[in-house]
Amino acid sequence: MSDLLFFTEVTLAGLGSGALLALTALAFVLIYKATRVINLAVGEMLMLGGYLFFAFAAGLGLPAFAAIPLAVAGGGLVGAIVERGLIRPMLGENPISVFMVTIGLGSVLVGLVELVWGTDPRALPAFMGTTPVFIGEAYVSRKIAIAFVVAAVVIAVFLTLFRFWRGGVALRATATDQAAAYSCGINVPGVFSLAWIVGCGTAAGAGVLLGSIGGISPAMGVFGLSALVVVIVGGLDSVAGALVGGLVIGLIEAWAGTYLGGEYKLVTTFGLLLVALMIRPYGLFGTTEIERL
Amino acid sequence: MQIGTAKHSYRADEALLTTRPQRLWMALFALSLCAAPFLLDNYWLYLACLVAINVASATGLNILTGYTGLVSLGQAAFMAVGAYTVGWMQLNLPTPFLLNLLAGGFTAALVGLVVGLPSLRVKGLYLAIATIAASFILHFVFVNWESVTNGNSGLTLTPATFLGTPLTDYSQLYFVFVPITALMVLGAANLFRTRIGRAFIAIRDRDISAEVLGISLLRTKLMSFAISSFYAGVAGGMWAYFFRVVTPESFPFVYSIFFLAAIIVGGMGTILGAILGAVFMTLVPELLRFGIDWLTPVLPNAAAMLSPVRTIVFGLLIVGFLIFEPKGLAEIVQRTRRYFHLWPFKK
Amino acid sequence: MTGQSETGASGAARLEVEGLSLSFGGLKALSTVSFAAEPGSITALIGPNGAGKTSMFNCISGFYHPQQGAVRFDGRDVTRMHPPERAALGFARTFQNIALFRGMTVLDNIKLGRHAHMKTNLLQALAYWGPAQREEMALRAEVEERIIDFLEINHIRNMPVAALSYGLQKRVELARALAMRPRILLLDEPVAGMNREETEDMARFILDVKEEWGTTILMVEHDMGMVMDISDHVVVLNFGQVIASGLPHEVQADPHVTEAYLGSGDPAALMARLRGEGPDTGRNREEVA
């Protein structure tokens with residue numbers, strides 16, 4: 001019985017980190033859908049979000065309800081600058097070159113954060129409380145529960161916006177055919193900017209959540225790699241894929257980490273990625289790219 | 001347009017160096033490579049060896065990524081395979097070190113073949129991501145296969161011996177590494193004068209029409225993976241003899257990015273590009289160190305800034321070259337050459 | 001397959017398509033298509049847009065796998081063979097929208113055509129020594145003397161393909177196909193988008209290939225003038241079915257063909273238009289009037 005309870009707790013924790021993964025994966029998907037760029041710097045944007053929150057909350061002493069929006073807005077601002085300054089000039093270039101630009105960007109962000117805040121890991125000021133949450137008999141850390149709820153709410157908002165809001169429709173139109181969308185009067189460059197702003201802001205927000213659970217360090221961008229696995233498994237252009245993929249990977253990482261040992265976490269994730277690529281190269285929900293002769 | 005370059009035979013027209021000045025420069029360069037160990041101090045010899053290792057590996061990656069169009073972020077992991085193979089053989093077998101290096105190359109090539117398998121199903125970025133996955137899985141193997149890799153503490157090698165002399169100081173290693181690297185670069189240059197190299201480029205440019213010409217995608221892509229990781233394996237083996245300690249952290253993921261950055265900065269799909277890129281990317285962090293050293297009297301904590309500044313400059317170089325000089329240093333060299341060919345007619 | 005004669009002239013093959021059916025999901029692209037291209041002749045495959053010509057070509061060159069029927073090459077069933085194996089057998093093709101390697105020079109593009117017939121292995125290539133060098137030199141000589149001279153592209157041999165005009169690119173693509181030592185040459189719209197002069201040049205080269213190399217040629221083409229001028233045999237497809245085949249003038253006179261192209265109406269007027277112009281190009285309309 002206690003085995004089952006333990007399993008339930010592990011599973012719940014897995015769902016919690018899965019929700020964070022899904023949120024980060026959403027940042028990948030948003031940016032990919034609009035601009036066809038795989039932004040490998042999403043992990044570093046996430047790290048930057050954590051540090052921005054740290055700067056506002058611990059450095060300036062702002063309360064959490066002010067520091068969180070500021071951190072998200074800061075992430076969005078960086079996203080806007082990056083899109084205009086680095087991604088727009090690469091429009092029409094080989095996707096691999098653009099991918100490499102985002103790798104370079106990630107390196108720059110890591111370096112900047114190390115320069116300003118040093119390389120040591122830090123803890124974020126607590127703002128969530130510590131009283132554990134019980135679901136039935138199963139114990140869940142309060143932070144993880146809150147992270148799960150926040151991530152779920154944000155994803156739900158995104159899904160709604162995608163479907164019903166004009167901007168969401170414009171994004172989907174741009175994703176399908178940039179030139180056609182442009183000729184329909186959709187402000188395609190605007191959509192590009194918006195996607196980067198929202199995507200990077202989302203990543204920064206995920207960084208605040210992640211940082212408040214496990215602390216921040218310049219190396220926390222590695223979380224972006226797990227989120228990348230999520231989008232590959234789920235499909236690079238599928239919001240539903242990010243959601244399902246995030247939860248699945250979160251669960252599998254939690255189970256592997258608990259029952260096999262912590263060192264198996266990443267290797268299981270990546271093993272899964274390879275299998276997914278071999279079986280369904282464009283993800284569970286992704287659109288197959290058809291090549292013409 | 002250069003004049004006076006007419007050839008009498010196809011062979012002369014297809015030589016690697018077609019003009020007299022090219023041959024002259026190459027001879028000068030070879031001469032200075034031979035003379036270097038007698039002129040450089042120990043620190044610069046250390047850097048020269050490191051450059052030789054990185055040039056070998058970058059040339060390998062250039063074959064795969066620059067010429068065949070298959071992006072790999074696993075070059076450091078393949079180097080690690082070579083390094084571990086060499087380390088293990090050096091410690092457990094009486095084989096000569098050159099054989100060990102070859103074996104390191106072949107083991108890495110085998111692993112490369114396996115890692116290359118997804119390239120049949122996926123391409124472009126998906127393949128790059130598959131190679132990321134493979135390098136993390138390899139890292140896991142290095143940590144956990146303790147009977148061979150000695151886990152996290154890694155292998156500590158005895159020096160390579162040549163005719164009974166242990167190769168310990170940098171000038172000795174230089175005379176081993178530089179010829180090996182030169183041979184590898186020459187091999188790569190030759191490759192692209194033949195059907196195999198052309199097939200690689202065909203796959204990069206348009207893989208479907210390559211098939212109609214009788215180029216088997218399966219065989220050719222895997223061959224490219226194998227050659228590239230062979231180069232990485234040999235480079236990793238040299239690395240093992242150079243530092244004589246191999247741990248799972250010796251070849252971090254960022255080292256793979258380093259090689260990709262090197263061929264971008266140098267110029268993808270040109271032999272010269274990989275060389276220039278590897279030299280440049282190896283030396284820039286050292287130049288930064290000099291810069292920081294100068295700053296230390298002014299800024300007391302400048303030394304602590306070195307590592308972050310290197311990380312930033314590394315990223316900026318990648319971004320900057322991709323945006324402003326996507327064909328890399330090799331293109332700058334070409335432009336300079338053209339300028340001098342036309343001088344003084346064009347100003 | 002490298003053992004065939006050096007000239008390639010004796011290697012002309014008979015291509016036979018028998019009862020070929022291909023569908024994409026519910027859409028029938030080809031249904032029980034049969035025809036043959038006789039050794040050393042020029043066969044033209046024509047039909048309105050969407051008739052299934054390109055699908056047919058892709059079945060013959062191995063990109064699509066038909067659900068039924070067979071493609072035979074000198075009597076040998078090649079229906080399930082992959083494109084590279086077919087290339088080794090002597091299939092060569094050009095593409096409707098040119099498929100050259102744009103970053104390479106003309107010379108390298110043509111040399112690539114020989115890939116399947118060369119033997120240099122990896123080690124020899126790395127050393128560029130002995131057999132590898134000899135094979136490359138023999139190839140260079142043959143490409144220069146038999147193909148580049150023949151197609152009159154000497155002046156552009158060292159230029160990157162991307163810098164060439166459309167007509168020249170088409171010619172380079174033909175050169176590359178010739179370097180494959182074809183036993184059957186598949187030309188997908190060899191003159192599409194060309195002006196009158198370029199079309200005439202290309203028609204001349206195709207006839208010269210037939211005469212000097214003796215290769216079997218199968219082409220898809222919309223330019224009726226050219227098809228009628230140089231073909232020995234014409235096969236008309238419509239809605240994935242063969243609706244007529246025979247000598248050019250027989251096909252021209254066939255009422256089914258007229259109807260397929262122009263719909264029903266006054267046959268005499270329609271036929272006059274059919275004779276004079278391709279339905280897609282419409283370029284020499286004034287000549288009819």
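First the proteins, then the strands, lettered A, B, ... as listed; each starts at 1.
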**Student:** Considering only heavy atoms, which portion of A:L277 lies under 4.5 Å from any heavy atom of chain B: side chain, backbone, both, or neither?
**Tutor:**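 Both parts, backbone and side chain.
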
**Student:** Measuring from atom CG of B:L73 to atom CG of A:L40, what distance do you get when rounded to the nearest 0.5 angstrom?
**Tutor:**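 Going from CG on B:L73 over to CG on A:L40, the span is 8.0 Å.
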
**Student:** Could you measure the distance from the OH atom of B:Y126 to the CG atom of A:L236? Nearest 0.5 Å is fine.
**Tutor:**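 One finds 4.0 Å between OH of B:Y126 and CG of A:L236.
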
**Student:** Which heavy atom of B:L322 sits nearest to which heavy atom of A:M90, and what is that distance?
**Tutor:**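 Taking B:L322 first and A:M90 second, the nearest heavy atoms are O-SD, 3.8 Å.
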
**Student:** Calculate, to the nearest 0.5 Å, the distance between atoms OG and CZ belonging to A:S226 and B:F136 respectively.
**Tutor:**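 A:S226 OG to B:F136 CZ: 9.0 Å, rounded to 0.5 Å.
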
**Student:** Would you name the heavy atoms of A:G111 and B:P308 that are closest together and state the gap between them?
**Tutor:**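 Result for this residue pair: O-CB, 3.4 Å.
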
**Student:** Side chain, backbone, both or neither: which part of A:P89 has a heavy atom under 4.5 Å from chain B?
**Tutor:**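 Side chain only.
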
**Student:** Which bit of A:I279 comes within less than 4.5 Å of chain B, counting heavy atoms only: side chain, backbone, both or neither?
**Tutor:**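 When you check distances to chain B, only backbone atoms of A:I279 fall under 4.5 Å.
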
**Student:** A quick test of your reading: do over 12 heavy atoms of other residues, nucleotides or ligands sit less than 6.0 Å from CZ of B:R219?
**Tutor:**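 It does not: B:R219 CZ has 12 such atoms or fewer within range.
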
**Student:** Taking side chain as everything from C-beta outward and backbone as N, CA, C, O, which of these in A:L115 sits under 4.5 Å from a heavy atom of chain B? Side chain, backbone, both or neither.
**Tutor:**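 It is both, since atoms from each part get that close.
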
**Student:** What's the spacing between B:I312 CD1 and A:S107 OG if we round to 0.5 Å?
**Tutor:**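 One finds 8.5 Å between CD1 of B:I312 and OG of A:S107.
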
**Student:** Over all heavy atoms of both residues, which pair between A:L273 and B:I129 is shortest? Give the atoms and the distance, please.
**Tutor:**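 Heavy atoms only, the tightest pair is CD2-CG2, 3.6 Å.
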
**Student:** After noting the C-alpha distance and the side-chain angles of B:I318 and A:V101, does the key distance pass the side chain to side chain contact (heavy atoms under 4.5 Å, CB included) rule?
**Tutor:** CA-CA 7 Å; B:I318 300 178; A:V101 166; over 6 Å; no

**Student:** Taking every non-hydrogen pair under 4.5 Å, which of B:I264, B:I323, B:L117 racks up the most with chain A?
**Tutor:**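 When all of B:I264, B:I323, B:L117 are compared, B:I323 has the most.
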
**Student:** Ring pair (Phe, Tyr, Trp, His ring centres under 6.0 Å) for A:F270 and B:F140? Distances and angles first, verdict last.
**Tutor:** CA-CA 11 Å; A:F270 281 114; B:F140 177 82; over 10 Å; no

**Student:** Quick check on the interface: out of B:L260, B:L127, B:V141, who has the most heavy-atom pairs with chain A under 4.5 Å?
**Tutor:**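 The answer is B:L260.
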
**Student:** Between chain B and each of A:L228, A:L105, A:V110, count heavy-atom pairs under 4.5 Å; write down the option with the most.
**Tutor:**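 Heavy-atom pair counts peak at A:L228.
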
**Student:** Pick one of side chain, backbone, both or neither for A:L225, based on which atoms fall under 4.5 Å of a heavy atom in chain B.
**Tutor:**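 Interface part for A:L225: side chain.
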
**Student:** Which atom names give the shortest non-hydrogen contact between B:P118 and A:L274, and what distance separates them?
**Tutor:**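 That closest heavy-atom pairing would be CG-CD2, 4.4 Å.
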
**Student:** So which heavy atom on B:S307 is nearest to which on A:E114, and how close?
**Tutor:**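 Residues B:S307 and A:E114, closest heavy atoms: OG-OE1, 4.0 Å.
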
